[in-house]
Amino acid sequence: MDNKKIIVAIDGYSSSGKSTMARELAKRVGYVYVDSGAMYRAVTLFALRNNLINPDKTVKVAELISRLPEIHISFRSAGEDGVQHTLLNGEDVEKEIRDMQVSNMVSPVAVIPEVRSRLVAMQQEYGEEKGIVMDGRDIGTTVFPNAELKIFVCASPEERARRRLREMIQKGEKVTYDEVYRNVVERDRIDTTREVSPLRKASDAIELDNGEMTPVQQMDWLIEKFQNVTAE
Ligand code: DC
């Protein structure tokens with residue numbers, strides 16, 4: 001008999017390595033992977049491109065809400081680079097949604113309740129058939145409170161800034177450690193203090209502090225947790 005299909009919710013701080021773990025787990029066990037952060041980033045890119053951000057870096061909230069029906073987000077399955085690409089109204093925006101301009105504006109966009117409820121509804125639809133790994137901030141608490149396996153990933157802000165800097169430099173972005181560190185700390189602050197679905201560990205989530213772990217150790221740890229639940 002096949003093992004039962006489950007929902008895996010992986011939440012945690014920005015640049016904690018949760019997306020890498022989630023993507024790799026999905027690949028190994030043949031599940032669908034959804035990067036919910038990419039969806040908030042795509043909405044932010046739409047806002048930047050459509051003049052919905054004020055010069056003082058605040059969001060034109062009412063206007064953005066009125067334009068939400070125009071925003072369609074989908075994913076294209078992994079191509080040659082092995083990475084799933086995010087599409088905004090059919091356009092591949094995988095690269096644009098990762099740049100600093102989007103990173104700096106995504107948290108203020110993600111605090112808007114109407115943005116959240118629209119994206120949460122889409123995320124819940126993806127999970128209807130189970131067999132999904134989704135990562136984000138509120139997956140175990142709000143999107144799938146009944147997920148069979150919930151992981152909460154953390155590591156120090158210094159370690160996470162170092163990882164993000166490495167990633168960005170590899171992609172050819174010109175940023176400094178200080179800029180990245182400030183962005184990490186500021187996003188932690190906004191993500192944990194916002195009113196709707198703040199980032200917090202679900203009471204039934206298993207915590208993983210991966211600051212001192214290699215990627216291989218993290219995967220072994222995660223696969224074991226997955227097998228414990230699916231074999232029950
Ligand atoms: O995981 P990430 O860094 O790509 O996420 C980008 C931003 O999106 C993050 O600063 C907070 C927001 N986010 C959220 O509010 N809820 C989620 N489920 C996922 C991301």
Side-chain angles (χ1 to χ4, degrees), residues 9-11 14-15 18-20 22-23 26-27 31-55 57-129 132-139 142-144 164 167-168 170-175 180 183 186-187 190-191 194 196-197 199:
I10 304 189
D11 288 303
S14 67
S15 305
K18 58 189 184 324
S19 300
T20 310
R23 190 182 306 122
K27 199 163 111 192
Y31 275 24
V32 171
Y33 164 59
V34 175
D35 174 355
S36 68
M39 300 169 76
Y40 289 92
R41 287 172 179 272
V43 173
T44 306
L45 181 65
F46 179 91
L48 283 161
R49 285 179 170 181
N50 289 278
N51 190 28
L52 301 172
I53 309 285
N54 292 307
K57 307 262 188 263
T58 54
V59 183
K60 296 179 186 171
V61 175
E63 270 185 68
L64 175 57
I65 292 171
S66 74
R67 299 199 53 186
L68 285 177
E70 290 173 44
I71 305 179
H72 300 281
I73 300 166
S74 52
F75 295 99
R76 194 175 65 200
S77 54
E80 275 174 19
D81 55 2
V83 177
Q84 179 179 274
H85 285 214
T86 309
L87 308 183
L88 170 61
N89 295 335
E91 176 194 347
D92 187 333
V93 292
E94 190 56 38
K95 186 167 185 299
E96 288 84 347
I97 61 170
R98 309 286 164 194
D99 72 22
M100 242 2 222
Q101 225 194 345
V102 171
S103 296
N104 283 333
M105 282 312 299
V106 62
S107 286
V109 168
V111 299
I112 302 168
E114 289 80 357
V115 169
R116 301 204 69 81
S117 56
R118 189 171 167 87
L119 296 188
V120 166
M122 285 174 66
Q123 292 153 6
Q124 287 171 336
E125 264 177 45
Y126 295 141
E128 268 167 15
E129 313 260 304
I132 188 168
V133 184
M134 192 176 294
D135 77 318
R137 302 293 189 288
D138 60 341
I139 310 305
T142 304
V143 181
F144 299 123
R164 175 61 58 112
E167 246 173 54
M168 296 183 92
Q170 269 168 11
K171 288 185 191 158
E173 296 230 13
K174 291 192 173 40
V175 280
V180 178
N183 178 256
E186 179 60 4
R187 282 207 284 151
I190 303 180
D191 293 347
R194 70 168 170 242
V196 185
S197 305
L199 169 64

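Since this is a predicted model, take the numbers as computed values, not measurements.
For the atom pair Asn51 CG and Glu63 CD, the distance stands at 7.5 Å (nearest 0.5 Å). Note that the CG atom of Leu68 and the CD atom of Glu114 stand 8.0 Å from one another [nearest 0.5 Å]. For the atom pair CE of Met105 and CG of Leu52, the computed distance is 10.5 Å after rounding to the nearest 0.5 Å.
Side chain of Glu94 to main chain of Thr86: a donor-acceptor pair is present (N/O by atom type, distance under 3.5 Å, no hydrogens or angles). Judged by distance alone, with hydrogens and angles left aside, the side-chain atoms of Ser36 form a donor-acceptor pair with the main-chain N or O of Asp135 at under 3.5 Å. The closest donor-acceptor contact from the side chain of Arg116 to the backbone of Ala110 lies under 3.5 Å. Remark: side-chain polar atoms of Arg41 are paired, donor with acceptor, to backbone N or O of Ile97 under 3.5 angstrom. Side-chain N or O atoms of Asn89 include one that pairs as donor or acceptor with a backbone N or O of Glu70 at under 3.5 Å. The closest donor-acceptor contact from the side chain of Arg194 to the backbone of Ser197 lies under 3.5 Å.
Contact record, Arg118 with Ile71: NH2-O, 3.6 Å, taken as the closest heavy-atom pair. Here the closest non-hydrogen pair linking Leu45 and Leu88 is CD2-CD2, 4.2 Å. The heavy-atom pair separating Tyr40 from Val120 by the smallest distance is OH-CG2, 4.2 Å. Heavy atoms only, all atoms of each residue included: Asp35 and Arg98 are closest at OD2-NH2, 3.1 Å. Pairing each heavy atom of Phe144 with each of Gln123, the nearest pair is CZ-O, 3.4 Å.
Not a single ring-ring contact (aromatic ring centres under 6.0 Å, His included) links Phe75 to another residue, sequence neighbours left out.
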Kindly indicate, with the supporting measurements, whether the criterion side chain to side chain contact (heavy atoms under 4.5 Å, CB included) is fulfilled by Asn183 and Val175.
-> CA-CA 11 Å; Asn183 178 256; Val175 280; over 6 Å; no
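Across Glu128, Gln124, Met122, Glu129, a single residue satisfies side chain to side chain contact (heavy atoms under 4.5 Å, CB included) together with Tyr126, and that is Met122.
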